Each structure stands twice: as structure tokens, then as C-alpha cells.
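Right, one structure below, let's go through it.
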Number of protein chains: 2
Amino acid sequence: MRGNYDFHHASKKYCHSCVINACLGYFRLSGIIKVFLRKAKDPSMKNVFELTQCQSCEQRFTSVLCKARAEYLTEIDDHKILNQYKKGQVLFNEGASPFGVYCISSGKVKLSHLGDDGKEQIVRLLRDGDLLGYRALLSGERYTASAVALEDTHVCFIPKELFIRVLKSDANLSFEMMKLLSNDLHKAELKITHLAQKPVRERLAETLLFIKETYGYEGDGITLNVRLSRDEIANLVGTATESIIRLLSEFKKDGMLELDGKKIKITNAKDLLRAANLQD
Amino acid sequence: MRGNYDFHHASKKYCHSCVINACLGYFRLSGIIKVFLRKAKDPSMKNVFELTQCQSCEQRFTSVLCKARAEYLTEIDDHKILNQYKKGQVLFNEGASPFGVYCISSGKVKLSHLGDDGKEQIVRLLRDGDLLGYRALLSGERYTASAVALEDTHVCFIPKELFIRVLKSDANLSFEMMKLLSNDLHKAELKITHLAQKPVRERLAETLLFIKETYGYEGDGITLNVRLSRDEIANLVGTATESIIRLLSEFKKDGMLELDGKKIKITNAKDLLRAANLQD
DNA sequence: ACTAAATACTGATAAAAGTCATATTCCCTG
DNA sequence: CAGGGAATATGACTTTTATCAGTATTTAGT
């Protein structure tokens, strides 16, 4: 509760998505909203509608959701709701009740816990094709993390009842979900080990490589394809912002990085990997 | 690989379970082993055999596995292999290939990663009724953690093929597995947040309360029902052994604990909870 | 019960990382 | 494009925690 409000007010953003989600909670299956969305005149919505069908979605080969049997995929297609979030907007908030799952069509999302003292801890970074909001939904709890768009993001929302129903009838999808959860769990447990045992310097190097794995490079082949504040990097690494600032310039001095505002260019990935001191 | 050997040699124990497991890998479905096990004359095995049937197992109301449909449970019953491990014995080792899942009938098991520098990080504590070894099996990888018995432990081993087959046909069990994984994931992500944001003192208090939640008290109602070395507590909290020793005696001085070798008595749970500084 | 080894404990010291204060720069908005 | 707020950067300092060295105690095996 407290966390919720803090979060909203800290970011000083009017949380449209909460309003929208609240509405979706009541009307999500009604034709009204679908028509409303489809009739939206915003030209930027145009290409979203071109990607409307799961069957022709760019993420159809990578997304777990698209491993559902064809018949179910069609049903998901018919009932999903398109949604877009501007950078900084909240998809859902820690403490809220899940109404369904989100499938990222394009964009980037961070998933973060709020620590007891109000400090953010980023637990996952998500990209297009990734599924979102399934953890809370599956364990039947409220969200224990908040999801915030890191850039303009297009999302397909699949209502809870449908998702659960498909999951209960499609063993293959269930299995893929279990794989997904197992992988998440593995990553989380690895992070626990590193957080407990590795110094900040190594964790930062590892995090930068992890960001590279997740979001890749821009066209130039060296610039990380995401803009994160020093604060966000700190909340990802699990340390103080000042430490990140100092270490980033240290890495720069050592010729591993080039820094240009929020742009981070990895100029020597080999040394960075060495700095991460990863055995596996 | 390296980790594997280190682990074995560090504990300087002959790893019977590895030998047994290697055999199980080849012969696990053959009647030979079952007969062999059932004919074992060790009197301590007696009560194990009394608990042989999942349908009458003491854990049948708590274990996820027992939420399988009756027909499948019977099949699991027929094909599972009973096994027992002495304190310190290894159920499986990081890096090994999973041949099935383990259901703890009685006893206690720790699940731990080996950090890059060889330091142990305990990621989960397991008790009777808990399932073990499913993470690696589901994501189709080798084990990324080792499982070691914290005391004499009786385990039912369910072969991989059977487990997967039941999972693929029993949607209800699948769903329970997803819940289990979701809960594990939640706990892991919470641990990440606390590891990143809380001081050692608070983490130790939290860990002691967590141990209490997991294993409960002994008959006296205050002694934690498990014996962990200071080293193991440190590997659970994610800190140095000396810090744990110092903090434990600090807690004792503050009247929260009584210490008697590896016995830990919680004499003031309220203060301990306050020391943990948990908001939720 | 005795011995060797492992574990537990203590103090001194060092290193790592956090905090606080204070520039400086960036970027958004009027 | 100027001004203000936020983000970034840097230095001094403090706190926390790890490490090391040495001693005491417990545990396990013969």
C-alpha cells in the first residue's frame, strides 16, 4: 500500500495505465473497449494494428505465448487487448491484483521490487516477445513487483480467465511456462549468489554484459540499445548510485567503455568480461 | 566440473549417493533395484517401507506431487524408488544431469550453488513433503545447484520420463508445479532485494525467522528444529562466518537468542522480528 | 576416553562500499 | 534560449563488513 503511493508520487507521473487497467478490470472483455482502441486516430497506433495477429506477430517465434496450439492462439488473438505505454508509464504496480498477462510486442520494460525502505530493486529486464505478469497471476497473489516501460512500448493484454483456461487445456504451453519459470528461477538464484559473493565492480561488469545480452547493440555494434539512468543501473546491480558513477568512469578510464550521457558504448567486451570474473 | 570435485573433496565424504544415482540412471526402472531395496535388511528401513505408498504418505496433503490425479499417483507409487541419505550425503551435484525428481518423505535438505570462487551459497532449504530437482529437469539443463542432506533423510525418487509424462497429461499437477515455481521465484526475488538493500544484521534476523518458518521448533517450543553450522548460516545469509558468529552473540546479549552449540533457541521472537525490520 | 581435526570464537586491521556535501552538466519547458 | 530542476560527477568522510591471525572449544573416530 505504502509502497504503491510512494512509487507513484516519486515518479511524479500521472498513472494513466492504472486508470486504464482498472477499467480493463471491469470491461476487458466488452467489445466497447476493443472498438474504442481500434478506432483510435493516433497515427502511431497504425503499425500496431498491422501487427495485431499473433500469427503474424514479429515475436511469434520467440514468445512463449505463441507456443500455444493454433486454435488457442486464435482465441487469444480475438480476446487480447492492445495497449501502449509511454516511457516511464506503469503497466502494473506492486500490490495491485493481476487481471491478466502482458505480452510485449515492442519496447522495453523493467520489473522492480520496492525495498522496505522504498529503494527500488530491478529484478528483471524485459524485451519484445517477453511475457509479463504471469508470476503473480500463477501463484494467485497480488503483484509483488511493478512493471514500468523503459521506452515507448506496445503490449498485448490477455485476460486472466482466458490465459488460465488455455494453460489448463494446452499441456504444451503449460510446459513452456514451466520452462520459463525455471529459467527465471535459475537466473534469480544465480543473481543471489553473485550479490552475496561478488564485489560491486564485478557485478557492474556482469550487469553491463547482461544488458547487452538482453537488449543488444544499436546499429553501430557497440552502443547498448537501451537508456538507463545511473540510478537504474545501481538498482539493477544492487548498490549506491555514486558507486556506479565512479565505477563507470573507472571502466571508461580502463578503455572498456565510452560514455555519452545515457549512451554506453562497450569498446572492449573482452576486458569487460574479464572484469566480470565469470567462471561459467 | 571444477566445482563438483571441490565440493566432494571439501566435505571429504565418500559420495555414496553419486554412485547410487549413477546406477539409478541406468537401472532405475528395472525391478532388480526395487527388489534389492525392498529386501534390504537394515531395520531403520522398516518404517520407510511402511510409508511406501503415496496415498498413505504423511506428506500427502502438503506435497505438490500428491496433487496428481489418483491414477497417476498410483503409477508414481509403482515406479518410485526409495532412497535414504545420511547427514552430509549428496543427493545430486551441481553439473550433473537430472534423471528424475526427489520427493522428501522425511528429513531436511539444503540446496546450494557454488560461487565462482568456490564459496557455497545456500539458495533453498527443504523439508519433508518438498519436491527437489525439478528446476533443472524442467528447463532441460544440468543441475545448477547441489542438494545435500542436513540430517538423515528419506526420499522418493521419481524417474524423469514418468514425471514428465504425468506432468504433460495432468493439467492440475502442471498448474501446481507452476504455482510452486512462481512461489520459489517470488522468494528468490525477495531475497535479491534484501541482499542488495539490507545490512547483515537484519538479514540474519530474517534468516533465523525463515528457518523457524521452514523447520519450526523442537518440542520445547523455542529451539530451532535444525542444526546448522555457523558457516552454513553465513552461506544462507550471504556473508562471512565471523560476522554471523559476532551477530549471533550480539543477539544473545540482546536477549533474543540462547545459544548452545548448534542449538539456537529463540527467546524473544518479537525483538528478533523487529531486528529483521520487515515491512511486509 | 583420547586424539586429531573441524568448528567456533575473539581481536586487530584492512578494504569495500555507503553517505553526505557540493559542484557541474544536462535537458526540458516556458 | 534562458532558467530551473534533475541527473551526473567528484571529494571527504563514515560505516559496514571482510580478512587475517590466533586461541579455544567441540566433534568425530579409533
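These values consider heavy atoms only, across backbone and side chains, with no hydrogens, waters or symmetry-generated copies. First the proteins, then the strands, lettered A, B, ... as listed; each starts at 1. On a predicted model such as this, the values are computed, not experimentally measured, just so you know.
Rounded to whole angstrom, the span from the CG atom of B:Asp117 across to the C1' atom of D:dA18 amounts to 13 Å. Rounding to whole angstrom units, CD of residue B:Gln197 and P of C:dT19 are separated by 11 Å. With rounding to whole Å, A:Lys119 atom NZ is found 12 Å from C:dA17 atom C1'. Protein atom CZ of B:Arg227 is 12 Å distant from nucleotide atom P of D:dA28, rounded to whole Å. The NZ-C1' distance, from B:Lys87 to C:dT7, rounds to 12 Å in whole Å. D:dG29 atom P lies 11 Å from atom NZ of B:Lys86, rounded to whole Å. Between B:Leu248 atom CG and C:dT10 atom C1' there is a gap of 15 Å when expressed in whole angstrom units. The distance between atom CD of A:Glu202 and atom C1' of C:dA16, rounded to the nearest whole Å, is 13 Å.
By the 30° and 60° cut-offs, the orientation of the rings of B:Phe92 relative to B:Tyr143 is parallel.
Within residues 228-246 of chain A, the residues approaching DNA chain C are A:Thr239, A:Ala240, A:Glu242, A:Ser243, A:Arg246, by heavy-atom distance under 4.0 Å.
At C:dA8, one or more side-chain N or O atoms of B:Lys262 fall inside 4.0 Å of OP1 or OP2 (strictly under the cut-off).
Counting any heavy atom pair closer than 4.0 Å across all strands shown, B:Lys198 reaches no nucleic acid atom.
Remark: the B:Asn235 side chain and the B:Glu120 side chain contain an N/O donor-acceptor pair separated by less than 3.5 Å.
When atom types are taken as modelled, the side chain of A:Asn277 and the backbone of A:Glu202 share no donor-acceptor pair closer than 3.5 angstrom. Proximity of a side-chain donor or acceptor of B:Ser249 to a complementary backbone N or O of B:Lys252 within less than 3.5 Å is not detected.
Atoms CG and CD, on A:Leu272 and A:Glu206 in that order, are 10.5 Å from each other to the nearest 0.5 Å.
Of the residues B:Leu125, B:Asn225, B:Asp128, B:Asp130, the one that meets the side-chain contact (heavy atoms from CB on, under 4.5 Å) test with B:Lys108 is B:Asn225.
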